Amino acid sequence: MTATVASHRKPRQHPLAALTGGGSRSARTARTAATLALAGAATAAGLDGTGQAAPQPTPAQVKGRVDALYQEAEVATQSYNGAKEAAERAREELSRLQDEAARRTEKLNASRTELGTMAASQYRAGGIDPTVRLLLSADPQRYLDGAAVLQRTGSHQATAVAGYARRLGSVRQIQRRAEDTAERLADTEAALKKHRVTVVHKLGAAEQLLNRLTAEQRQRMAGRGGAHAHGGAGQGRADRGTGHGHGDGLRGGTGPEAAAAAARAADPRAARAVAFAYAALGKPYVWGATGPSAFDCSGLTQAAWKAGGVALPRTTYTQISSGPRVDRSQLAPGDLVFFYSGISHVGLYVGDGKMIHAPHPGAPVRIAPIDQMPFAAATRPA
């Protein structure tokens with residue numbers, strides 16, 4: 001009896017064989033997954049059985065990644081600025097259309113009242129003119145279809161009905177345009193929200209990377225970074241109070257350097273734009289800002305040329321078309337200089353190979369060489 005029972009027992013398997021051996025397809029799948037999991041764990045642990053942390057990036061690597069994040073944020077900022085400008089135009093248009101629809105509706109109601117008076121008068125007289133019956137139709141489209149015929153009859157009633165038909169058509173047209181504008185506004189506001197999220201995400205990622213550096217590393221980076229100096233949020237305000245001259249590229253004013261640059265400008269408007277840019281030195285960068293206390297790059301150039309009496313569009317990729325192109329060798333103070341292949345950054349040229357620009361958060365409005373970034377093109381606003 002003992003031998004019989006033993007002959008029906010399943011042979012014992014080695015623990016590894018239980019993971020890699022035979023069985024049903026689902027069992028084999030589960031065993032394979034478990035094997036891969038064990039292999040992954042072994043690899044992660046390393047040959048010595050301990051995990052290895054990823055190496056800390058060097059300050060140069062951090063700077064490279066932060067610069068890239070700021071540039072990506074600038075691209076998103078310009079998209080945000082464009083969407084914001086489009087949304088403002090759509091709101092203004094929608095408001096105008098709504099006002100126009102209200103005015104035309106008021107005239108339509110006056111026409112309806114006039115026709116109603118005619119109908120009541122004719123009813124008391126024993127009948128209703130066929131032209132007024134059109135007003136009482138359940139299908140308003142018949143007003144439009146019959147307006148030309150009615151006008152040809154020459155009667156006062158026909159003229160009144162034809163006028164009502166025209167007003168009805170114009171009200172409907174304005175209402176359709178208002179509906180289309182409202183839809184466009186909704187789409188633009190959705191894009192605005194998307195670009196805002198992107199900007200905040202990129203800037204937040206850059207700040208996290210900077211926080212991994214020591215204060216000394218950040219200071220060294222700021223000292224040699226120029227346009228890409230990554231100081232603290234309050235650095236711009238501190239620089240304005242140090243009393244340094246224009247040589248530090250940060251302090252605003254109208255000193256000899258500003259006067260000399262304005263004197264070399266292409267015309268008086270450009271001279272005023274240059275003077276404005278010098279006065280803005282040291283003011284903080286804030287994405288989406290157009291002054292007077294803070295700027296982003298295209299907000300600064302727009303405000304500077306506004307001071308010169310020229311209305312520039314809001315974004316870098318529209319400002320580049322605000323005047324004729326200028327060869328780099330022919331640059332004059334006041335010209336707009338653009339950078340990167342996507343035209344995502346702009347500065348105001350002030351002569352001697354330098355510009356005034358708003359770099360990015362933590363780097364206030366400053367003077368910087370134009371060869372600090374990939375030069376793309378230059379424009380002289382007209």
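We number each residue from 1, following the sequence as shown. Remember, predicted model here, so these are calculated numbers, not experimental data. We use all heavy atoms of the structure for the numbers below, so side chains are in, but hydrogens, waters and symmetry mates are not.
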Would you call [X] and [Y] a side-chain contact if the rule is heavy atoms closer than 4.5 Å?
{"X": "Ile320", "Y": "Leu336", "value": "no"}
{"X": "Phe339", "Y": "Met355", "value": "yes"}
{"X": "Trp305", "Y": "Arg269", "value": "yes"}
{"X": "Leu210", "Y": "Val66", "value": "yes"}
{"X": "Thr379", "Y": "Gln319", "value": "no"}
{"X": "Leu203", "Y": "Tyr70", "value": "yes"}
{"X": "Lys306", "Y": "Phe276", "value": "no"}

If every non-hydrogen atom of [X] is compared with every non-hydrogen atom of [Y], which pair is closest and at what distance?
{"X": "Val62", "Y": "Leu209", "answer": "CG1-O, 3.8 Å"}
{"X": "Val365", "Y": "Ile356", "answer": "CG1-CG2, 3.6 Å"}
{"X": "Ser293", "Y": "Pro284", "answer": "O-CD, 3.4 Å"}
{"X": "Pro381", "Y": "Val310", "answer": "CB-CG1, 4.5 Å"}
{"X": "Pro313", "Y": "Ser322", "answer": "CD-CB, 4.3 Å"}
{"X": "Tyr285", "Y": "Cys297", "answer": "CE1-N, 3.9 Å"}

According to a hydrophobic-cluster definition based on side-chain heavy atoms being under 4.5 Å apart (Ile, Leu, Val, Met, Phe, Trp, Tyr only), do [X] and [Y] belong together?
{"X": "Tyr317", "Y": "Trp287", "answer": "no"}
{"X": "Val346", "Y": "Val286", "answer": "no"}
{"X": "Phe375", "Y": "Met373", "answer": "yes"}

- Message: Checking one residue: Ile174. Which other hydrophobic residues are in its cluster under the side-chain 4.5 Å linking rule?
- Response: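 Grouped by the 4.5 Å side-chain rule, Leu97 form the rest of the cluster around Ile174.
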- Message: Checking one residue: Leu185. Which other hydrophobic residues are in its cluster under the side-chain 4.5 Å linking rule?
- Response: Leu94
- Message: For the residue pair Gln71 / Ser344, report whether a side-chain donor-acceptor contact shorter than 3.5 Å exists.
- Response: yes
- Does a donor on one side chain and an acceptor on the other come within less than 3.5 Å for Thr315 and Glu85? no
To the closest 0.5 Å, what do you measure between [atom1] ([X]) and [atom2] ([Y])?
{"X": "Glu72", "Y": "Lys202", "atom1": "CD", "atom2": "NZ", "answer": "4.0 Å"}
{"X": "Glu179", "Y": "Arg177", "atom1": "CD", "atom2": "CZ", "answer": "12.5 Å"}
{"X": "His360", "Y": "Leu69", "atom1": "NE2", "atom2": "CG", "answer": "11.5 Å"}
{"X": "Tyr278", "Y": "Glu257", "atom1": "OH", "atom2": "CD", "answer": "4.0 Å"}

Only distances under 3.5 Å count here; give the side-chain donor-acceptor pairs of residues 188-196 to other protein atoms, sequence neighbours excluded, each with its distance to 0.1 Å.
from: Thr188; atom 1: OG1; to: Arg184; atom 2: O; distance (Å): 2.8
from: Glu189; atom 1: OE2; to: Arg91; atom 2: NH2; distance (Å): 3.0

- Carboxylate-amine/guanidinium contact Asp352 Lys354, below 4.0 Å: no
- Below 4.0 angstrom, N of the basic side chain to O of the carboxylate: do Arg103 and Glu100 qualify? yes
- If a pair satisfies salt bridge (Lys or Arg N to Asp or Glu O under 4.0 Å) and one of its residues is in residues 318-345, list it, with sequence neighbours excluded.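 Found Asp335-Arg380.
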Can you list, pair by pair, the side-chain donor-acceptor contacts under 3.5 Å of residues 74-84, counting residues two or more places apart and other chains?
from: Glu74; atom 1: OE1; to: His345; atom 2: ND1; distance (Å): 2.6
from: Thr77; atom 1: OG1; to: Ala73; atom 2: O; distance (Å): 2.8
from: Gln78; atom 1: OE1; to: Ser298; atom 2: OG; distance (Å): 3.1
from: Gln78; atom 1: OE1; to: Thr316; atom 2: N; distance (Å): 2.9
from: Gln78; atom 1: NE2; to: Ser298; atom 2: OG; distance (Å): 3.3
from: Ser79; atom 1: OG; to: Val75; atom 2: O; distance (Å): 3.3
from: Asn81; atom 1: OD1; to: Arg314; atom 2: NH2; distance (Å): 3.4
from: Asn81; atom 1: ND2; to: Thr77; atom 2: O; distance (Å): 3.4
from: Asn81; atom 1: ND2; to: Asp296; atom 2: OD2; distance (Å): 3.0

- For His201 and Thr198, run side-chain contact (heavy atoms from CB on, under 4.5 Å): C-alpha distance rounded to whole Å, both residues' side-chain angles, the deciding distance at 0.1 Å, then the answer. CA-CA 5 Å; His201 172 75; Thr198 300; 5.7 Å; no
- Using the test salt bridge (charged side-chain N to carboxylate O under 4.0 Å, His left out), find all partners of Arg272 that sit at least two apart in sequence or belong to another chain.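 By the salt bridge (charged side-chain N to carboxylate O under 4.0 Å, His left out) rule, Arg272 matches no residue at all.
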- Side-chain donor/acceptor of Ser95 to backbone N/O of Glu92, under 3.5 Å: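 It does not hold such a pair.
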- Message: Could you check whether atom CD of Glu88 has more than 12 heavy atoms from other residues, nucleotides or ligands sitting under 6.0 Å from it?
- Response: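 Yes, the 6.0 Å shell around CD holds more than 12 heavy atoms from other groups.
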- Query: Would Leu300 and Leu348 count as a side-chain contact (heavy atoms from CB on, under 4.5 Å) if you check the C-alpha gap in whole Å, the side-chain angles of each, and the deciding distance to 0.1 Å?
  - Reply: CA-CA 9 Å; Leu300 174 63; Leu348 189 85; 6.0 Å; no
